[in-house]
Amino acid sequence: MRQNIILRMTVLAAHLAVTTLSRAEPVGKNAAQLIASKYISTHKLQSTEALTRAARVNFSQLIISYLQTSATFASV
């Protein structure tokens, strides 16, 4: 019973610590304009697709390479 109470108090203390420390303060108008001007001034559009190795693969070259390799082994 005592361990249960200690566990509940520990969970409550952890919850209160997290909720207290994770609250963000509102941003003022000047700070918001400064942040917006920082991102608007770069003019770099980000890609909508994920940057992975699969996205950079040229599949036509991959198929041609596979066909050439399989034709080489078939002729041997």
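Note that the structure is predicted; figures quoted are calculated from it, not measured. Start at 1 with the first residue, then count along the sequence.
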Calculate, to the nearest 0.5 Å, the distance between atoms NE2 and OG1 belonging to H15 and T20 respectively.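 Rounded to the nearest 0.5 Å, the NE2-OG1 separation comes out at 8.5 Å.
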Can you tell me how far the CD atom of Q33 sits from the CG atom of N30, to the nearest 0.5 Å?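 CG of N30 is found 6.0 Å from CD of Q33.
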side-chain contact (heavy atoms from CB on, under 4.5 Å) partners of L7, counting only residues at least two apart: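 Partners of L7 by the side-chain contact (heavy atoms from CB on, under 4.5 Å) criterion, ordered by chain and then number, come out as V11.
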For the pair S37 (side chain) and L34 (backbone), establish whether a donor and an acceptor sit closer than 3.5 Å, ignoring hydrogens and angles.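 A pair under 3.5 Å: yes.
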Each residue besides I6 in its hydrophobic cluster should be listed here, by chain and number; the cluster joins Ile, Leu, Val, Met, Phe, Trp and Tyr at side-chain heavy-atom distances under 4.5 Å.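 Cluster partners of I6: none, it stands alone.
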